[in-house]
Amino acid sequence: MNLRKASAAFSLIVGFSIVLIWLILLIGGDGEVSDSLNSTPIEMGTHIAVELITASVLLVVGFGLWAKKVWSRTWFFFGMGLLAYSVISAAGFYGQRGEYVPTGMFVGILVLGIVFAFLAGKSSGFKKGEGF
């Protein structure tokens, strides 16, 4: 698998995962999310909005990379930036609660995103405008 396809797969998997997690939390969660929406609706609402914007960008970028669209190369870095913000925030949230398994998972996603962004930036095809 080449770097473009691997980056597309990473973007799609993470984007779909974010949407799926929020659907589970909002529809069938343990009530913590609905409690937060009731007690701090603006904070929780904007948090969910940021996560869904991140997921949307990652999904669009993933499909764009898969289809070899030129614009997807630039948007990939934007998506990785959004992802970095989201996972750092989530790692801090779970770390503060002492839940180290999800914290580690988010740190792992951050590291993978950084690796993909670094490799994409170093790709000679990417710099020539041919795609990576």
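No hydrogens, no waters, no symmetry mates; every other heavy atom, side chains included, goes into these values.
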Q: Taking all heavy atoms of Met80 and all of Ser11, pick out the closest pair and write down the distance.
A: CE-OG, 4.0 Å
(Q) Please find the pair of heavy atoms, one from Gly62 and one from Ala8, that lie closest to each other, and give the distance. (A) O-CB, 3.4 Å
**Q.** Atom pair OG/CG of Ser34 and Leu25 - distance to nearest 0.5 Å
**A.** 10.5 Å
Q | Qualifying salt bridge (Lys or Arg N to Asp or Glu O under 4.0 Å) pairs with a residue from residues 78-106, counting only residues at least two apart or across chains | A | Glu32-Arg97, Arg97-Glu99
Q. Can you tell me if CZ on Phe118 sees more than 12 non-hydrogen neighbours from other groups inside 6.0 Å?
A. no
Q. Backbone N or O of Glu43 within a donor-acceptor pair of the Thr46 side chain at under 3.5 Å?
A. yes
Q) Is the Phe106 ring parallel, tilted or perpendicular to the Tyr94 ring (thresholds 30°, 60°)? A) parallel
Q) Going only through I, L, V, M, F, W and Y residues with side-chain contacts under 4.5 Å, is there a path from Ile13 to Leu20? A) no
Q | Euclidean distance, Ile21 CD1 relative to Leu26 CG, rounded to 0.5 Å | A | 11.5 Å
Q: Working to the nearest 0.5 Å, report the span between OG of Ser17 and CD1 of Ile109.
A: 7.5 Å
Q: Could you check if a side-chain atom of Leu37 sits within less than 4.5 angstrom of a side-chain atom of Ile48, using non-hydrogen atoms only?
A: yes
(Q) Let me confirm one number: the CE-CG distance from Met44 to Asp35, rounded to the nearest 0.5 Å. (A) 10.0 Å
Q | side-chain contact (heavy atoms from CB on, under 4.5 Å) partner of Thr54, the single match among Val87, Ile18, Leu59 | A | Ile18
Q | Counterpart residues, side-chain contact (heavy atoms from CB on, under 4.5 Å), relative to Phe78 (two or more places apart) | A | Val57, Trp75, Leu82
Q.
Please tell me whether Trp22 and Ile42 are part of a single hydrophobic cluster in this structure, the criterion being side-chain heavy atoms less than 4.5 Å apart.
A. no
Q) Under 4.5 Å between any side-chain heavy atoms of Leu58 and Leu12, yes or no? A) no
(Q) Is there a path of hydrophobic side-chain contacts, each under 4.5 Å between heavy atoms of I/L/V/M/F/W/Y residues, joining Val50 to Phe77? (A) no
Q. With side chains defined as the heavy atoms from C-beta onward, is the minimum distance between Val107 and Ile88 less than 4.5 Å?
A. no
Q | Smallest separation among heavy atoms of His47 and Ser89, with atom names | A | CE1-OG, 4.2 Å
Q. Roughly how far, to the nearest 0.5 Å, is the CG atom of Leu65 from the CZ atom of Phe116?
A. 10.5 Å
Q.
Do Tyr85 and Phe76 sit in one hydrophobic cluster, given that two such residues count as connected whenever their side-chain heavy atoms are within less than 4.5 Å of each other, even indirectly?
A. no
Q. Is there a path of hydrophobic side-chain contacts, each under 4.5 Å between heavy atoms of I, L, V, M, F, W or Y residues, that connects Leu110 with Leu119?
A. yes
Q. If you take all heavy atoms of Arg4 and Trp66, which pair is closest and at what distance?
A. NH1-O, 3.4 Å
**Q.** Residues that Thr103 engages under side chain to side chain donor-acceptor pair (under 3.5 Å), provided they are two or more places apart
**A.** none
